[in-house]
Amino acid sequence: MKILNIHGYKGSAENTACMVLKKLGHEVISPHIDYDAKTPSQIRRDLKNIFNENKPDYIVGTSLGGFFALLLSQEFKAPTVLVSTCLCPFITLPELDYKGDIRIFMELFGKISDNFQNISAVVGGKDEVINYHGFTENLMEECYIVPEGKHSGATLDLDYWFKKLINNKEL
């Protein structure tokens with residue numbers, strides 16, 4: 001399966017999600033994003049272009065990448081898995097010394113619809129970066145909390161979750 005992987009703020013295109021997806025045999029498109037060098041609108045436009053050029057079967061987004069993955073998913077009706085998703089970057093990013101204009105994230109948040117069909121989330125119960133996963137759980141129909149998981153995808157047993165949610169295997 002072809003999967004667009006979107007890493008998080010100050011993350012790497014070769015993040016845990018990318019490595020696990022490749023290990024599972026997926027073709028992964030994983031662009032590097034410098035979230036400090038581009039505006040959220042530019043990032044969204046770039047990701048839309050990547051989506052249109054590559055026509056992935058799935059989207060996976062981690063942390064801030066999950067925010068953009070959600071926007072793409074709803075626009076293109078693509079099945080998506082959000083990992084430690086940062087649904088409210090206007091709350092989280094200032095705590096991480098983000099210097100950009102967070103108002104754009106507020107505008108983009110307003111574009112999120114209430115249709116979360118084909119969108120799943122996997123979040124850590126002990127996430128040390130994002131403290132509002134209860135909001136994510138209440139918002140989404142399919143949100144899985146890994147009790148001992150932290151923010152890093154390496155703590156969430158993504159091998160298990162990607163097999164279950166992307167490969168649709170009963171485990």
Side-chain angles (χ1 to χ4, degrees), residues 1-24 26-93 96 98 100 102 104-109 111-113 115-124 127 129-130 133 136 139-140 142-144 149-156 158-159 161-162 165-167:
M1 213 174 300
K2 189 186 293 188
I3 299 175
L4 173 59
N5 177 61
I6 308 170
H7 69 81
Y9 183 62
K10 296 189 181 182
S12 163
E14 292 292 318
N15 64 355
T16 301
C18 180
M19 291 185 290
V20 171
L21 291 165
K22 285 180 178 179
K23 185 182 105 180
L24 293 173
H26 298 290
E27 177 186 345
V28 182
I29 300 108
S30 192
H32 173 72
I33 302 167
D34 185 341
Y35 290 101
D36 289 315
K38 292 187 174 187
T39 69
S41 299
Q42 291 169 320
I43 293 165
R44 183 171 181 228
R45 184 187 62 240
D46 292 348
L47 289 170
K48 285 169 69 169
N49 289 337
I50 290 167
F51 186 93
N52 283 321
E53 289 169 14
N54 292 280
K55 307 279 190 252
D57 303 299
Y58 250 88
I59 304 169
V60 170
T62 301
S63 193
L64 183 56
F67 178 78
F68 288 100
L70 177 59
L71 290 168
L72 284 177
S73 177
Q74 289 188 332
E75 183 171 346
F76 293 106
K77 311 289 186 261
T80 300
V81 177
L82 308 175
V83 178
S84 298
T85 190
C86 176
L87 289 184
C88 302
F90 44 87
I91 294 171
T92 306
L93 288 175
L96 301 175
Y98 178 75
I102 61 165
I104 299 169
F105 284 108
M106 295 162 93
E107 291 171 24
L108 291 172
F109 182 82
K111 295 181 184 299
I112 296 172
S113 78
N115 180 0
F116 292 92
Q117 194 171 14
N118 293 320
I119 302 171
S120 304
V122 178
V123 299
D127 191 323
V129 175
I130 296 172
H133 285 313
T136 304
L139 190 63
M140 301 189 59
E142 206 173 323
C143 182
Y144 303 94
K150 295 188 177 183
H151 191 69
S152 169
T155 68
L156 300 176
L158 293 181
D159 189 271
W161 289 107
F162 290 162
L165 300 172
I166 296 173
N167 294 4

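Position 1 is the first residue of the sequence; numbering continues from there.
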Q: Give me the atom names and distance for the closest heavy-atom approach of Cys86 to Phe67.
A: O-CB, 3.3 Å
Q: Between the main-chain N or O of Ser113 and the side-chain N or O of Gln74, is there a donor-acceptor pair closer than 3.5 Å?
A: yes
Q: Are the side chain of Ser30 and the backbone N or O of Glu14 linked by a donor-acceptor pair below 3.5 Å?
A: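 Such a contact is absent between Ser30 side chain and Glu14 backbone.
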Q: Tell me, with the steps shown, if Ser84 and Asp127 meet side chain to side chain contact (heavy atoms under 4.5 Å, CB included).
A: CA-CA 8 Å; Ser84 298; Asp127 191 323; 4.1 Å; yes
Q: Set out, in order, the CA-CA distance, both residues' side-chain angles and the distance that settles side-chain hydrogen bond (donor to acceptor under 3.5 Å, both in side chains) for His32 and Ser12, then state yes or no.
A: CA-CA 6 Å; His32 173 72; Ser12 163; over 6 Å; no
Q: Would you check if the distance from the ring center of Phe68 to the ring center of His7 is below 6.0 Å?
A: no
Q: Quick one: does Ile166's side chain get under 4.5 Å of Val60's, heavy atoms only?
A: yes
Q: Counting distance only, does the side-chain N/O of Thr92 pair as donor-acceptor with the main-chain N or O of Pro89 below 3.5 Å?
A: no
Q: For a quick test of reading the model, state the closest non-hydrogen atom pair linking Phe162 to Ala17 and the distance between them.
A: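 Shortest heavy-atom separation between Phe162 and Ala17 comes out as CE1-O, 3.8 Å.
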Q: With salt bridge (charged side-chain N to carboxylate O under 4.0 Å, His left out) as the rule and sequence neighbours excluded, what pairs involving residues 56-72 come up?
A: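 Listed by first then second residue: nothing to list.
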Q: Is the count of non-hydrogen atoms from other residues, nucleotides or ligands lying under 6.0 Å from Lys38 atom NZ greater than 12?
A: no
Q: Got Asp36 and Tyr98 here, is their nearest side-chain heavy-atom distance under 4.5 Å?
A: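 Result yes, sub-4.5 Å side-chain heavy-atom pair found.
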Q: Going from CG on Leu108 to OG on Ser41, what distance comes out if it is rounded to the nearest 0.5 angstrom?
A: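 Answer rounded to 0.5 Å: 5.5 Å.
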Q: Would you say that Leu165 contacts Glu142 through its side chain, given a criterion of any heavy-atom pair below 4.5 Å between the two side chains?
A: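 Sidechains of Glu142 and Leu165: in contact.
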Q: Look at the side chain of Asn54 and the backbone N and O of Pro56, then say whether any donor-acceptor pair between them is shorter than 3.5 Å.
A: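 The answer is no, because no donor-acceptor pair under 3.5 Å joins these two groups.
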Q: Do side-chain atoms of Ser152 reach the backbone of Ala154 as a donor and acceptor pair under 3.5 angstrom?
A: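 Checking the backbone N and O of Ala154 against the side chain of Ser152, a donor-acceptor pair under 3.5 Å is found.
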Q: Would you call Asp46 and Ile33 a side-chain contact if the rule is heavy atoms closer than 4.5 Å?
A: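 No - every pair of side-chain heavy atoms lies 4.5 Å or more apart.
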Q: Is there a side-chain contact between Thr136 and Thr85 in this structure, where contact means two heavy atoms from C-beta onward sitting under 4.5 Å apart?
A: yes
Q: Closest heavy-atom contact between Leu82 and Thr80?
A: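 Where Leu82 meets Thr80 most closely, the heavy atoms are CD2-CG2, 3.6 Å.
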Q: Are Leu70 and Phe116 side-chain neighbours, meaning at least one heavy-atom pair lies under 4.5 Å?
A: yes
Q: Taking the side chain from Lys111 and the backbone from Leu71, do they hold a donor-acceptor pair closer than 3.5 Å?
A: no
Q: Do the side chains of Lys48 and Glu53 get close enough for a salt bridge, i.e. N-O under 4.0 angstrom?
A: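 Result for this pair is no, no salt bridge flagged.
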Q: When rounded to the nearest 0.5 angstrom, what distance separates CD1 in Ile91 from CE in Met106?
A: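 Between atom CD1 of Ile91 and atom CE of Met106 there are 8.5 Å.
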Q: Would you compute the distance between atom CG of Leu93 and atom NZ of Lys10 and round it to the nearest 0.5 angstrom?
A: 9.5 Å
Q: So, for Phe109 and Leu87, which heavy atoms are closest and what is the spacing to 0.1 Å?
A: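 Smallest heavy-atom distance, with atoms named: CD1-O, 3.3 Å.
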Q: Under the side-chain contact (heavy atoms from CB on, under 4.5 Å) test against Asn5, which residue among Val28, Ile59, Val20 passes?
A: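 Of Val28, Ile59, Val20, side-chain contact (heavy atoms from CB on, under 4.5 Å) with Asn5 is met by Val28 alone.
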Q: What heavy-atom pair brings Ser63 and Gly8 nearest, and what distance separates the two atoms?
A: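 Minimum heavy-atom contact is CB-CA, 4.2 Å.
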Q: Without swapping roles, check the side chain of Thr155 against the backbone of Gly149 for a donor-acceptor pair under 3.5 Å.
A: no
Q: Nearest 0.5 Å please: distance from the OG atom of Ser73 over to the CD atom of Gln117.
A: 10.0 Å
Q: Could you state the interatomic distance from CD1 (Ile6) to CG (Leu4), rounded to the nearest 0.5 Å?
A: 4.5 Å
Q: Please name the pair of heavy atoms, one in Val83 and one in Gly153, separated by the smallest distance, quoted to 0.1 Å.
A: CG1-CA, 4.4 Å
Q: How long is the gap from CZ on Arg44 to CZ on Phe105, to the nearest 0.5 Å?
A: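 Reported value, rounded in 0.5 Å steps: 12.0 Å.
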Q: Would you sort out whether Val81 and Tyr58 count as a side chain to side chain contact (heavy atoms under 4.5 Å, CB included), showing the intermediate values?
A: CA-CA 8 Å; Val81 177; Tyr58 250 88; 4.2 Å; yes
Q: For the pair Thr39 (side chain) and Gln42 (backbone), establish whether a donor and an acceptor sit closer than 3.5 Å, ignoring hydrogens and angles.
A: yes
